[in-house]
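Below is one structure; the comments refer to it alone.
Every chain is numbered from 1, with letters handed out A, B, ... down the list of sequences.
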Amino acid sequence: GAGVSQSPSNKVTEKGKDVELRCDPISGHTALYWYRQSLGQGLEFLIYFQGNSAPDKSGLPSDRFSAERTGGSVSTLTIQRTQQEDSAVYLCASSLSGVNEQFFGPGTRLTVL
Amino acid sequence: KQEVTQIPAALSVPEGENLVLNCSFTDSAIYNLQWFRQDPGKGLTSLLLIQSSQREQTSGRLNASLDKSSGRSTLYIAASQPGDSATYLCGGGTGANNLFFGTGTRLTVIP
């Protein structure tokens, strides 16, 4: 079956612009996660959605970052007024529920000039 | 905050060797643990998941174990092949939410 998909695969933007990154989880997976992978660093948790519960936003690095998940499926991560330090690969994962195996998408490589 | 250390950072072995990758957590209260491989420019591919009631998992030439008392996990790869060359990441969860990751071990298997 289809895995987790993300779009775009690459995004180049200018400092100060807003960007939207999209994640389509595996059908039927109730849990969805966003992570960020910066060069030479481990994956950093950003936000977690579980069903209709309030999301866990504890990993968002600043108020310029936000995410939503519509209809319990597709999620969008929005970064406002992008900064050069936001350059990274943004990875989305989904799982059947919060404690099950996580499956990752291919990521979106964001470059802020 | 949970800190994850993976040792070694890089490893190069000749084809056919058995090898062990290590992962340790500062907080040993690990609920579940997942090993992944990441090929250059790609996302993470799940290899093995050790759930809360388990101590190890096996899949083909791979075996992963978790010692919850010490917060350490190992990934054993038997009879390594050039196709095993990748970065291996461990991710540990302390509850029903995100995983905490190490920076990975970059493995090169030389034909």
Side-chain angles (χ1 to χ4, degrees), chain A residues 2-7 9-10 21 23-26 29-51 53-61 67 88-111, chain B residues 1-7 9-10 21-27 29-54 57 59 62 64 66 68 73 86-106:
Chain A
V4 178
S5 61
Q6 293 186 244
S7 60
S9 55
N10 279 286
L21 312 179
C23 172
D24 281 89
I26 293 172
H29 281 194
T30 62
L32 187 147
Y33 312 77
W34 283 98
Y35 295 87
R36 177 169 72 174
Q37 187 174 34
S38 302
L39 192 63
Q41 298 185 24
L43 273 76
E44 173 190 7
F45 165 71
L46 298 176
I47 190 169
Y48 160 67
F49 295 89
Q50 172 58 61
S53 302
D56 176 357
K57 303 180 182 180
S58 60
L60 294 178
V89 177
Y90 289 81
L91 292 160
C92 174
S94 71
S95 66
L96 197 58
S97 69
V99 297
N100 292 109
E101 188 174 9
Q102 292 189 24
F103 296 89
F104 280 75
T108 294
R109 181 174 298 277
L110 174 66
T111 303
Chain B
K1 179 186 172 183
Q2 179 75 272
E3 301 285 344
V4 186
T5 301
Q6 289 193 245
I7 295 173
L21 308 181
N22 298 284
C23 174
S24 63
F25 299 81
T26 52
D27 183 349
I30 299 299
Y31 186 83
N32 57 357
L33 185 134
Q34 203 167 343
W35 280 93
F36 300 85
R37 68 175 280 167
Q38 186 174 31
D39 294 283
K42 306 288 187 182
L44 278 64
T45 299
S46 179
L47 297 173
L48 292 165
L49 168 69
I50 303 176
Q51 294 188 305
S52 59
S53 59
Q54 300 169 330
Q57 280 288 334
S59 175
L62 306 180
L66 174 61
K68 291 190 176 184
S73 177
T87 296
Y88 289 80
L89 295 162
C90 66
T94 54
N97 46 22
N98 61 290
L99 297 176
F100 294 90
F101 285 87
T103 53
T105 293
R106 188 168 68 248

Measuring heavy-atom distances to chain B, does [X] have an atom under 4.5 Å in its side chain, in its backbone, in both, or in neither?
| X | value |
| --- | --- |
| A/Y35 | side chain |
| A/L91 | side chain |
| A/E101 | both |

Legend entry - Contacting region of B/L89 [heavy-atom separation from chain A under 4.5 Å]: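 It is the side chain, since no backbone atom gets that close.
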Legend entry - Residue B/F36 versus chain A: region with a heavy atom under 4.5 Å: side chain
Legend entry - Winner by heavy-atom pair count (cut-off under 4.5 Å) against chain A, out of B/L48, B/V4, B/T45, B/L44: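 Among B/L48, B/V4, B/T45, B/L44, the one with the most close pairs to chain A is B/L44.
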Inset, instruction - Would you check if there is a donor-acceptor pair between the side chains of A/Q37 and B/Q38 at a distance under 3.5 Å? - result: yes
Inset, instruction - Please determine, by modelled atom types, if B/S73 and B/W35 share a side-chain donor-acceptor pair under 3.5 angstrom. - result: yes
Inset, instruction - List for me each residue that meets side chain to side chain contact (heavy atoms under 4.5 Å, CB included) alongside A/R36, sequence neighbours excluded, and say none if there are none. - result: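 Listed in chain order: A/S38, A/E44, A/L46, A/P61, A/F65, A/D86, A/A88, A/Y90.
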Inset, instruction - Please identify each residue that fulfils side chain to side chain contact (heavy atoms under 4.5 Å, CB included) with B/K42, with sequence neighbours left out. - result: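 B/K42 satisfies side chain to side chain contact (heavy atoms under 4.5 Å, CB included) with B/D39 only.
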Inset, instruction - Show your reasoning for whether side-chain hydrogen bond (donor to acceptor under 3.5 Å, both in side chains) applies to B/T103 and A/Q41. - result: CA-CA 6 Å; B/T103 53; A/Q41 298 185 24; over 6 Å; no
